[in-house]
Amino acid sequence: MEVIQPRLPKGMRDILPRQMVLRQYVLGIVERTFAEFGFEPLITPSVELAEILLGKYGAEAEKLIFMVQHRGGKEKLALRYDLSVPLSRVVAQYPDLPKPFRRYQIAPVWRAERPQKGRYREFWQCDADIVGSSSMLADAEIIALIYTVLQRLGFQQFVIRINDRKILSGIGQYSGVPEAQLPELYRTIDKLDKIGIEAVREELQASGLAGQMIDRLLALLQPGKDGQAALDDLRRELMDYPLAQEGIAELTELLSYLPSLGVKDGFYRVDLAMVRGLDYYTGPIYETVVEKPRIGSITGGGRFDGLVGKFSVQSYPATGTTIGIERILDVMEELRMFPSDVGETTVQVLVTVFNADLMHESLRLLTALRSAGLRCELYYDTDPLGTQIRYALKKGIPFVAIVGPDELASAQVTLRNLPLKSQVQVARSEVSEFLRRQFASEATPPPL
RNA sequence: GUGGGCGUAGCUCAAUGGGCAGAGCACUGGUCUGUGGAACCAGGUGUUACGGGUUCGAGCCCCGUCGUCCACCCCA
């Protein structure tokens, strides 16, 4: 019979148990931190009506939306592209949600991109957003949240780049570039840190911008300059541009909150050349980059005050971020950032079976351990102990429990700790408590 | 969507200038009744991605398709 080739759609992956252990460790820290910051969980469908998603992200991004159809379906459907637009729909659809509405959502999104390193067609986003407040405290808390999550995950080196769409718009006005060509200008500016100041100068020249204006723009963007100093320069230079002044005031206020929220210097930077591609951002924007593995941004977000208004006459200001779990996992694996007690499996104990006569002893022990909340697997055959132990080693199960004739006679259980190559005999009545103590401190995130 | 590299066993890779399908690991079954990733035996390890062309003869050369990786665009 012809077999069907086992394979996956382009850009999509299976996540096998060994990877899931690492993933759940990271997700646990992310979710716990979201909850500590006062965000509440939300789930929305993977599929939205196409009209909900279309016209929100910009022409380029919209091409990447996965359309969904089924035979005879009358609704036009699409897989969600991000979590911010569904959130905006939810807020518009349930007007009685108390504001500010603080929700987190950890869920897969889909983008029909060409896959490459750190880029998949299905990946998970961890969003935390605040809807219904225009306070810069909200933006500052989002940045503190990003900082806290990355600290707890053990990131030593990262920079949260901060800019403001209003400042970019002001710079656009100041440059005298026609409205229609502004997106091109922003795209070029965004490349500053990637291709360098001279390459950007050349691109601006090629686009027909006057040399004098190019000099003034590049001077304003000041890649090397300290954030507050750069903002002060801007404030003077863009005196006549109210929108830019608004953005400068926003960032100044936002920055003032960060130290008291525990965000340390050096982990964030005002970067006037950082743009972000999505259309819906309206105020402060932020993204996090790491130097070591060059993998693009690991978080991204900003203020999107106009999005809820697309779904309701009642509009609400909103801000938030997404944390890219796949890229974070890629980085952490590459830098070997996982604590040693994050093992290869979630199974804690293998209960062995000494022989057919003692099978029921093993079953009783198994049941007792499970009742105590320990994660246990039973070995199904009466293979020699060596074979059973090798099985545990291979799967990375840390403890092996043995009930043989000797243990039965003395009402004890032998517990072998495979990583430590040690073993102890514990009274049958105390086995559960003993093992629970062994696992008491496992994989808990370090306090700040 | 644009450009480039690469496609041999499940995985990592060999195969003289065109001349008979290879290794390690993994996997499946078996042997082994008190302790370490074992050994031994047996076994799929495969239309050399697919289709066409050149040739007496193609894993190798040419064309096309598909897949994959990388860069660009953009993004998490």
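Since the model is a prediction, treat every value here as computed from it, not as a measurement. The sequence lines fix the lettering, A, B, ..., with proteins before strands; numbering per chain opens at 1.
A:Asp14 is linked by a side chain to side chain contact (heavy atoms under 4.5 Å, CB included) to A:Leu8, A:Leu16, counting only residues two or more places apart in sequence or in another chain. Residues passing the side chain to side chain donor-acceptor pair (under 3.5 Å) test with A:Arg23 are A:Glu326, sequence neighbours excluded. Partners of A:Phe158 according to the ring pair (Phe, Tyr, Trp, His ring centres under 6.0 Å) rule, which considers only residues two or more places apart in sequence or in another chain, are A:Phe267. Applying the ring pair (Phe, Tyr, Trp, His ring centres under 6.0 Å) criterion to A:Phe399, with sequence neighbours excluded, gives A:Phe439. Listed by chain and residue number, A:Tyr280 satisfy the ring pair (Phe, Tyr, Trp, His ring centres under 6.0 Å) test with A:Phe304 (two or more places apart in sequence, or in another chain). Not a single ring pair (Phe, Tyr, Trp, His ring centres under 6.0 Å) links A:Phe155 to another residue, sequence neighbours left out.
In this structure, A:Leu278 places its CG atom 14 Å from C1' of B:C73, rounding to the nearest Å. Taking atom CD1 on A:Ile195 and atom P on B:A71, their separation rounds to 16 Å, with Å as the unit. A:Met12 places its CE atom 13 Å from the P atom of B:C69, with the value rounded to the nearest Å. In this structure, A:Asp14 atom CG and B:G10 atom P are separated by 17 Å, rounded to whole Å. Counting to the nearest Å, the P atom of B:U28 and the OH atom of A:Tyr391 are 11 Å from each other.
Residue A:Lys117 places no side-chain N or O under 4.0 Å from the OP1 or OP2 atom of B:C69.
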Query raised in the report: Dot-bracket for RNA chain B: what is it, with Watson-Crick or G-U pairs under 3.5 Å, [ ] where a pair crosses earlier ones, and | for a pair to another strand?
Result: (((((((..((((.....[..)))).(((((.......))))).....(((((..]....))))))))))))....

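Note on A:Gln116: a base of the nucleic acid sits closer than 4.0 angstrom, heavy atoms only. A:Thr352 comes within 4.0 angstrom of no nucleic acid atom, judged by non-hydrogen atoms across all strands. Nucleic acid contact for A:Glu287: none, since no nucleic acid atom lies under 4.0 Å from a heavy atom of the residue.
Comparing the C1' positions of B:A49 and B:U68 gives an interatomic distance of 11 Å, to the nearest angstrom. Nucleotides B:G64 and B:U2 have their P atoms positioned 15 Å apart, rounded to a whole Å. Rounded to whole Å, the separation between the C1' atoms of B:G17 and B:U12 comes to 28 Å. Rounded to a whole angstrom, the distance from the P atom of B:U8 to that of B:G59 is 14 Å. When the P atom is compared between B:G5 and B:A38, the two are found 42 Å apart, to the nearest whole Å. The same atom, P, is picked in B:C11 and in B:U47; the two are 12 Å apart, to the nearest Å.
In the displayed structure, A:Glu291 atom CD is contacted under 6.0 Å by at most 12 heavy atoms of other residues, nucleotides or ligands. More than 12 heavy atoms of other shown residues, nucleotides or ligands fall within 6.0 angstrom of atom CD in A:Gln93.
Contacts between residues 45-62 of chain A and RNA chain B, defined by a heavy-atom separation below 4.0 Å, involve no residue at all.
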Query raised in the report: When you look at A:Asp279 and A:Lys56, which way does the salt bridge (Lys or Arg N to Asp or Glu O under 4.0 Å) test go after all the steps?
Result: CA-CA 7 Å; A:Asp279 271 4; A:Lys56 310 299 185 301; over 6 Å; no

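Note that OG of A:Ser207 is 12.0 Å distant from CD of A:Glu202, once rounded to the nearest 0.5 Å.
Side-chain contact between A:Leu415 and A:Val400 is absent, with no heavy atoms from C-beta onward closer than 4.5 Å.
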Report task. For each nucleotide in nucleotides 33-43 of chain B, reading 5' to 3', give B when a protein heavy atom comes within less than 4.0 Å of its base, S when such contact involves only the sugar-phosphate, and - otherwise. Result -> BBBBBB-----

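In terms of position along RNA chain B, the nucleotide closest to A:Pro115 lies nearer the 5' end than the nucleotide closest to the other residue of the pair A:Ile298 and A:Pro115.
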Contacts table for residues 39-55 of chain A: side-chain donor-acceptor under 3.5 angstrom, sequence neighbours left out:
residue: A:Thr44; atom: OG1; partner: A:Arg80; partner atom: NH1; Å: 3.4
residue: A:Thr44; atom: OG1; partner: A:Gln105; partner atom: NE2; Å: 3.1
residue: A:Glu48; atom: OE1; partner: A:Arg89; partner atom: NE; Å: 2.8
residue: A:Glu48; atom: OE2; partner: A:Arg89; partner atom: NE; Å: 3.3
residue: A:Glu48; atom: OE2; partner: A:Arg89; partner atom: NH2; Å: 3.0

Indicate every side-chain donor-acceptor pair of residues 424-434 of chain A with a distance under 3.5 Å to a residue at least two apart or in another chain.
residue: A:Gln425; atom: NE2; partner: A:Thr414; partner atom: OG1; Å: 2.9
residue: A:Arg428; atom: NH1; partner: A:Glu361; partner atom: OE1; Å: 3.3
residue: A:Arg428; atom: NH2; partner: A:Glu361; partner atom: O; Å: 3.4

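A cation-pi arrangement is not found for A:Arg161 relative to A:Tyr286, the charged atom failing to lie both closer than 6.0 Å to the ring centre and inside a 45° cone about the ring normal.
No donor-acceptor contact under 3.5 angstrom links the side chains of A:Tyr186 and A:Asp190, judged on distance only.
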What nitrogen or oxygen pairs link the protein and nucleotides 1-5 of chain B at under 3.5 Å?
residue: B:U2; atom: O4; partner: A:Arg114; partner atom: NH1; Å: 3.4
residue: B:G3; atom: O6; partner: A:Arg114; partner atom: NH2; Å: 2.8

